[in-house]
Amino acid sequence: MPRTLITSALPYINGIKHLGNLAGSQLPADVYARFKRARGDEVLLICATDEHGTPAELAAAAAGQDVRTYCDEQHALQKRVGDGFGLSWDWFGRSSNPPNHRLTQHFCEALEQNGLIEERVDRMIYSLDDGRFLPDRYVEGTCPHCAFPKARGDQCDNCGRLLDPMDLIDPYSAVSGSKNLEVRDTRHLYLLQSKLADRIRAWLDSKTDFPALTKSIGYKHLDEGLIDRGITRDLAWGVPVMKDGAPRPGFERKVFYVWFDAPIEYIGATVEWSEATGGNWERWWRTDKGADEVRYVEFMGKDNVAFHTVSFPATLLGSEEPWKSVDVLKSFNWLNWYGGKFSTSGKRGVFMDAALELLPADYWRWYLTANAPESADSPFTWEQFQNTVNSDLANVLGNFVNRILKFAETRFDGVVPAGGEPGELETKLFKDIAAGIEALTASLEGMTFRKAAQDLRDLWVTGNGYLTEAAPWTVIKTDPERAAMIVRTGLNLASLFGRLSAPFIPFTAAHIAGAFEGDDGAGWPQADGAAELSRLKLGCKVTAPPVLFAKIEDAQVAEWTARFGGGEDASA
């Protein structure tokens, strides 16, 4: 049985994520995982909350809580919202848990033994008004490369360059806004990425299945020249810096940089899964324990790619240990909010918990997959959301399932009828359906999600076209046997659509499967139209489900626009 390991970018702990985060990592990871399970793979879908760093400390302080209590509550909340969206994680871990602490400390020791860790005295920015050193993300200022006025100390969100806080022009504290800053000496550990540049480039060269966006970002940072990266910070919350089983002298009040320990949590969360379930984590991550047979796929937005094409590979390669590295890093552009960015800190856009209050998960899952920001940034608009839901889900899929099942209930006693033989129209349908299944399967295997959604919609359209042309409601008046054949074919189409739709809209797929007695909706259909459209047993009881998708009305769009924003000023 093929084995597929899937991870998505770890959602940060400071609050519910917005739809852009969902669209660019967790949702496509889930769609792919569900597809691969249906194909018969042994799948392990791993995610976790990323809980370390200054943002967690500040969010906890703002909430009037200690950091651990805050993270406990936020982890449970993010898990609950993810479950509400049908994210089928095999494990949803926490970077603050012991396995990640042990692994992070282990990797540092391995890297140091291989001459890739060095202690350096840094001159870092200290905020006199805040009474603390400022981690790089909490120094902001003007980017020296593109003049973006709100660049962070680790990376400019405008041009994408990795930065050092000392590079910023007119820096200020992101904690308080204070410009009362000074530079002080502090000792930190550095990962000597520059020594690994050639190995990382060769590793990236070998990844022939990486999308162009992923490789272009990786090569950009390699071509600019890798810098040695500090992997410790002056903070209280995080993975303690240890040496030989004891706090490292001079580092008692420091922790590992969140961007060093967070990717390691992919492994750490798998260890958590192993400890909780009895599963064998090593066969997924250690190539000397069977992980060489695993296909490992990562999903993330483009702003995370640099750390996963440079920094995390440096950790794995530099350890000189047999760790499994990613086979495909599927990266996404940004889903934008009316031309501007969704923003967690700015509370701009629709967030996952609010989305579920408005509509069931499948409405959002379908829209975000059908408009996945793969080749370029994609805008979210209420109008496009309304049009996509009403056209694809209500008019095409929902209408087809409803009318064929209602007709079977009304005219054929609510069972799959016998009678009639396939004719010329069915022969053409069998070929079209087989071709459609083949196209959809290829798109999902290739992780081209926008095209996969279009392939699926084309299949729904094919079914509607057949039913309209075959017109069983007319044929039954003169040829009941032919009408039975058409209805039987239509019912098989409905069942087929449920199974094909399951990775995208799993809750609806379950409703469709439940309409057919004894049909669990499991498994991925084969590209054989004749076989798939004669799958249901004759006499099988069918029951029309409630309306699968209600149309979104203009009044709802107006209400949501007033509540969440939208329109020309949404990016302001």
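All values reported here derive from a predicted model rather than from experimental measurement. Counting begins at 1 with the first residue of the sequence.
- Listed by first and then second residue, the side-chain hydrogen bond (donor to acceptor under 3.5 Å, both in side chains) pairs involving residues 543-559 are Q386-D554, N395-K551 (not counting sequence neighbours).
- Without hydrogens or angle criteria, T388 side chain to F385 main chain gives no donor-acceptor distance under 3.5 Å.
- Annotation: side chain to side chain contact (heavy atoms under 4.5 Å, CB included) contacts of Y219 (sequence neighbours excluded): R201, L204, D205, K215, L222, D223.
- The CG atom of D519 sits 15.0 Å away from the NZ atom of K541 when rounded to the nearest 0.5 Å.
- No donor-acceptor pair under 3.5 Å is formed between the side chain of D50 and the backbone N or O of P11.
- Counting only residues at least two apart or on different chains, the ring pair (Phe, Tyr, Trp, His ring centres under 6.0 Å) pairs with a member in residues 386-423 are F400-F497.
- Here side-chain hydrogen bond (donor to acceptor under 3.5 Å, both in side chains) pairs that include residues 364-378, with residues two or more places apart or in two chains, are D30-R365, K302-D377, K330-E374, W366-D392, Y367-Q384, N371-Q384, S378-R450.
- Listed by chain and number, the residues in a salt bridge (Lys or Arg N to Asp or Glu O under 4.0 Å) with K207 amount to none (sequence neighbours excluded).
- Between the side chains of Y466 and E426, at least one donor N or O sits under 3.5 Å from an acceptor N or O.
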Open item on the list: Checking H308 against Y266 for the ring-ring contact (aromatic ring centres under 6.0 Å, His included) test, could you report, in this order, the C-alpha distance in whole Å, the side-chain angles of both residues, the deciding distance, and whether it holds?
Closed with: CA-CA 12 Å; H308 291 77; Y266 297 136; 5.7 Å; yes
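- Within the 4.5 Å cutoff, the side chain of V350 has no heavy atoms near those of the H18 side chain.
- Contact annotation: the side chain of L496 never approaches that of N492 to less than 4.5 Å [non-hydrogen atoms, C-beta and beyond].
- Distance alone, capped at 3.5 Å, places no donor-acceptor pair between the T214 side chain and the F210 backbone.
- In terms of modelled atom types and a separation under 3.5 Å, the side chain of Q78 and the main chain of G15 share a donor-acceptor contact.
- No side-chain donor from either of T287 and W323 sits under 3.5 Å from a side-chain acceptor of the other.
- T49 places no side-chain N or O within 3.5 Å of a backbone atom of R94 that could act as its donor or acceptor partner.
- Judged by the 6.0 Å distance and 45° axis criteria, K324 is not positioned over the aromatic ring of W284.
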- [ ] Go through the steps to decide whether T508 and D362 satisfy the test side-chain hydrogen bond (donor to acceptor under 3.5 Å, both in side chains), and finish with yes or no.
- [x] CA-CA 7 Å; T508 304; D362 282 352; 2.7 Å; yes
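- With hydrogens and angles ignored, the 3.5 Å screen pairs no side-chain donor or acceptor of R39 with any backbone N or O of R34.
- For the pair Y32 (side chain) and P503 (backbone), a donor-acceptor distance under 3.5 Å is absent.
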Please tabulate, for the side chains in residues 2-9, all donor-acceptor contacts under 3.5 angstrom to protein atoms that are two or more places apart in sequence or on a different chain.
unit_1, atom_1, unit_2, atom_2, d
R3, NH1, R283, O, 2.7
R3, NH2, G290, O, 2.6
T4, OG1, D41, OD2, 2.8
T7, OG1, Y296, OH, 3.0

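- At a cut-off of 3.5 Å, with distance as the only test, a side-chain donor of Q454 or D458 sits close to an acceptor on the other residue.
- Applying the 6.0 Å contact sphere to CD of E421 captures no more than 12 heavy atoms from other residues, nucleotides or ligands.
- A side-chain N or O of R457 and one of S391 form a donor-acceptor pair less than 3.5 Å apart.
- Listed for the N336 side chain is no donor-acceptor partner under 3.5 Å among the backbone atoms of P379.
- With rounding to the nearest 0.5 angstrom, the NZ atom of K289 is 9.5 Å from the CH2 atom of W281.
- Atoms CE and CZ, from M447 and F449 in turn, are 6.5 Å apart once rounded to the nearest 0.5 Å.
- Contact check on R499 versus E532 returns a salt bridge, with a Lys/Arg side-chain nitrogen under 4.0 Å from an Asp/Glu carboxylate oxygen.
- Ring planes of W337 and F342: perpendicular class, angle over 60° (limits at 30 and 60°).
- In terms of modelled atom types and a separation under 3.5 Å, the side chain of E298 and the main chain of V326 share no donor-acceptor contact.
- Between F312 and F307, the ring center distance fails the sub-6.0 Å criterion.
- Note on K36 versus E445: salt bridge recorded, some NZ/NE/NH1/NH2 to OD/OE distance being below 4.0 Å.
- Separating the CG atom in N304 from the CD1 atom in I217 is a distance of 9.5 Å, to the nearest 0.5 Å.
- Residue E42 places its CD atom among more than 12 non-hydrogen atoms of other residues, nucleotides or ligands, all under 6.0 Å distant.
- No donor-acceptor contact under 3.5 angstrom links the side chains of W91 and T270, judged on distance only.
- Without hydrogens or angle criteria, D528 side chain to A530 main chain gives a donor-acceptor distance under 3.5 Å.
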